[in-house]
Novice: 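One structure, pasted below without further comment.
Values in this document were obtained by computation on a predicted structure and should not be read as measured data.
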Amino acid sequence: MWFFAPGGGRFHDRYVDPLTIEERLEIAASLADYGLNAVEAHYPNEVNHDNKHLYKQLAEATGIRLVTVIPNLFFDASFEFGSLSSPIPEIRQAAIQRTKEALELNIELDTDFAVVWPGGDGYENPFGLDLVAARDRFAEGLAEAMDAVPGVRVAEEPKPYEPRGHILYGLTSEGNPPGPEGRGIAAERNQPKAAGRRARPDCMNPEVGT
């Protein structure tokens with residue numbers, strides 16, 4: 001959804017005026033005849049319980065579906081030191097709760113999958129944090145959310161840097177859901193519950209070049 005009204009960057013102001021969600025969905029609807037058949041949105045800033053009916057109306061009127069609801073775990077100032085990996089218990093718990101709520105919306109809106117991007121989870125200086133503990137907190141937090149809301153395919157999005165200098169699970173090899181011998185996020189602490197262990201991501205949403 002942010003494609004229709006992108007904000008500014010580090011080196012320039014925004015080039016277009018801000019748009020409401022309704023205005024963005026109107027643009028999306030106008031593109032149906034040109035092949036647009038799905039959009040994605042972040043929870044709670046772009047899709048939430050107050051406006052989810054707008055996405056349902058869009059699908060009914062044009063066939064344009066909401067393909068994924070993504071928990072926004074990177075924008076809030078409270079995530080300065082990470083979201084699911086945050087060493088601050090109340091901040092980490094808030095991130096887990098937001099992830100659960102996003103997964104619930106994925107079920108209600110019948111999406112294809114949820115994307116989890118640890119954009120704010122990572123470090124700038126290699127010795128600036130306990131990396132092993134941070135990875136464990138992230139994997140455990142994601143597993144807790146997935147255990148609480150089963151039935152949603154979850155795609156980890158690997159991206160090596162920006163906004164953090166080094167993002168957790170930032171490479172395809174780190175985020176790939178591997179087999180029992182793998183070392184990706186799926187092998188950390190969140191294997192399938194059917195195997196007597198935790199839920200785990202089962203697909204990926206890679207950025208080009210990662």
Novice: For the atom pair CG (D112) and OG1 (T68), what is the distance rounded to the nearest 0.5 Å?
Specialist: 8.5 Å
Novice: Enter the distance from L109:CG to L66:CG here, rounded to the nearest 0.5 Å.
Specialist: 5.5 Å
Novice: Less than 4.0 Å between a side-chain N and a carboxylate O, is that true for E60 and R65?
Specialist: no
Novice: Using ring centroids (six-membered ring only for Trp), state whether F138 and Y169 fall under 6.0 Å.
Specialist: yes
Novice: Would you say F3 and I70 are hydrophobically clustered, going by side-chain heavy atoms of ILVMFWY under 4.5 Å?
Specialist: no
Novice: Measure up the F74 and H42 rings against each other and bin them: parallel (under 30°), tilted (30 to 60°), perpendicular (over 60°).
Specialist: perpendicular
Novice: Let me check something: do M1 and L36 share a hydrophobic cluster, defined by ILVMFWY side-chain heavy atoms less than 4.5 Å apart, either directly or through other members?
Specialist: yes
Novice: Please give me the minimum heavy-atom distance between E157 and P118, naming the atom from each residue.
Specialist: O-CD, 3.9 Å
Novice: Between Q93 and Q97, do the side chains contain an N or O donor and an N or O acceptor separated by less than 3.5 Å?
Specialist: no
Novice: Do S85 and R92 come close enough that some side-chain heavy atom pair is under 4.5 Å?
Specialist: no
Novice: Which heavy atom of L103 sits nearest to which heavy atom of A145, and what is that distance?
Specialist: CD1-O, 3.7 Å
Novice: Can you name the side chain to side chain donor-acceptor pair (under 3.5 Å) partners of D130, sequence neighbours left out?
Specialist: none
Novice: Would the distance check show the side chain of E124 and the main-chain N or O of G165 forming a donor-acceptor pair, the cut-off being under 3.5 Å?
Specialist: yes
Novice: Any link between W117 and I91 through a network of hydrophobic side chains (Ile, Leu, Val, Met, Phe, Trp, Tyr) touching at under 4.5 Å?
Specialist: no
Novice: Any side-chain donor paired with an acceptor under 3.5 Å for K52 and H49?
Specialist: yes
Novice: Name all residues meeting the ring pair (Phe, Tyr, Trp, His ring centres under 6.0 Å) criterion together with H12; count only those two or more places apart in sequence or in a different chain, and write none if there are none.
Specialist: Y15
Novice: To check you understand the geometry: which heavy-atom pair defines the closest contact between E23 and P18, and what is its length?
Specialist: OE1-O, 4.4 Å
Novice: Taking side chain as C-beta onward, heavy atoms only, is I21 less than 4.5 Å from L25?
Specialist: yes
Novice: Can a salt bridge be assigned to the pair D121 and R135 using a cut-off of 4.0 Å between side-chain N and carboxylate O?
Specialist: no
Novice: Hydrophobic cluster membership, with links at side-chain heavy-atom distances under 4.5 Å among I/L/V/M/F/W/Y: are Y123 and F79 in one?
Specialist: no
Novice: How long is the gap from OH on Y55 to CD on E108, to the nearest 0.5 Å?
Specialist: 13.5 Å
Novice: State, yes or no, whether a side-chain contact exists between H166 and P160 at a heavy-atom distance under 4.5 Å.
Specialist: no
Novice: Would a 4.5 Å heavy-atom cut-off, applied to side chains only, mark F113 and V152 as touching?
Specialist: no
Novice: Going by heavy atoms in the side chains, are K159 and T172 under 4.5 Å from each other?
Specialist: no
Novice: Kindly say whether N106 contributes a backbone atom to a donor-acceptor pair with the side chain of D110 at under 3.5 angstrom?
Specialist: no
Novice: Please report the C-alpha distance between E144 and R137 in whole Å, then the side-chain angles of each, then the deciding distance to 0.1 Å, and finally whether the salt bridge (charged side-chain N to carboxylate O under 4.0 Å, His left out) criterion is met.
Specialist: CA-CA 10 Å; E144 179 179 334; R137 286 193 298 269; over 6 Å; no
Novice: Could you check whether any side-chain heavy atom of V16 comes within less than 4.5 Å of a side-chain heavy atom of P6, counting everything from C-beta outward?
Specialist: yes
Novice: Measuring from I27:CD1 to L19:CG, what's the distance to the nearest 0.5 Å?
Specialist: 5.0 Å
Novice: Are K100 and M146 packed together at the side-chain level, in the sense that at least one heavy-atom pair is separated by less than 4.5 angstrom?
Specialist: no
Novice: Hey, mind stepping through E156 and N205 against side-chain contact (heavy atoms from CB on, under 4.5 Å) and telling me if it holds?
Specialist: CA-CA 6 Å; E156 194 272 334; N205 188 60; over 6 Å; no
Novice: Looking only at heavy atoms, which two atoms of V39 and A28 are closest? And how far apart?
Specialist: CG1-CB, 4.3 Å
Novice: How far does CG of L168 sit from CG of L131, to the nearest 0.5 angstrom?
Specialist: 6.5 Å
Novice: So, does R153 use its side chain to make a donor-acceptor pair with the main chain of T111 at under 3.5 Å?
Specialist: no
Novice: Yes or no on side-chain contact (heavy atoms from CB on, under 4.5 Å) for N37 and T62, after CA distance, side-chain angles and deciding distance?
Specialist: CA-CA 8 Å; N37 56 28; T62 67; over 6 Å; no
Novice: Give a yes or no on this: more than 12 heavy atoms of other residues, nucleotides or ligands lie within 6.0 Å of atom CZ of F4.
Specialist: yes
Novice: For a 4.5 angstrom cut-off between non-hydrogen side-chain atoms, does Y43 reach N48?
Specialist: yes
Novice: Would L54 and E22 count as a side-chain contact (heavy atoms from CB on, under 4.5 Å) if you check the C-alpha gap in whole Å, the side-chain angles of each, and the deciding distance to 0.1 Å?
Specialist: CA-CA 7 Å; L54 298 175; E22 291 88 343; 3.7 Å; yes
Novice: Mind listing the closest non-hydrogen atom pair of A134 and L129 along with its distance?
Specialist: CB-CD1, 3.7 Å
Novice: Quick check: closest heavy atoms across A38 and V67, and the distance to 0.1 Å?
Specialist: CB-CB, 3.9 Å
Novice: Going from OG on S83 to CG on N72, what distance comes out if it is rounded to the nearest 0.5 angstrom?
Specialist: 9.5 Å
Novice: What verdict does the side-chain contact (heavy atoms from CB on, under 4.5 Å) test give for H53 and Q57, after you've listed the backbone C-alpha separation in whole Å, the side-chain angles of each residue and the deciding distance to 0.1 Å?
Specialist: CA-CA 6 Å; H53 65 283; Q57 292 171 359; 3.7 Å; yes
Novice: Are I107 and V115 joined in one hydrophobic group, where the rule is that I, L, V, M, F, W and Y side chains link up if heavy atoms are under 4.5 Å apart?
Specialist: no
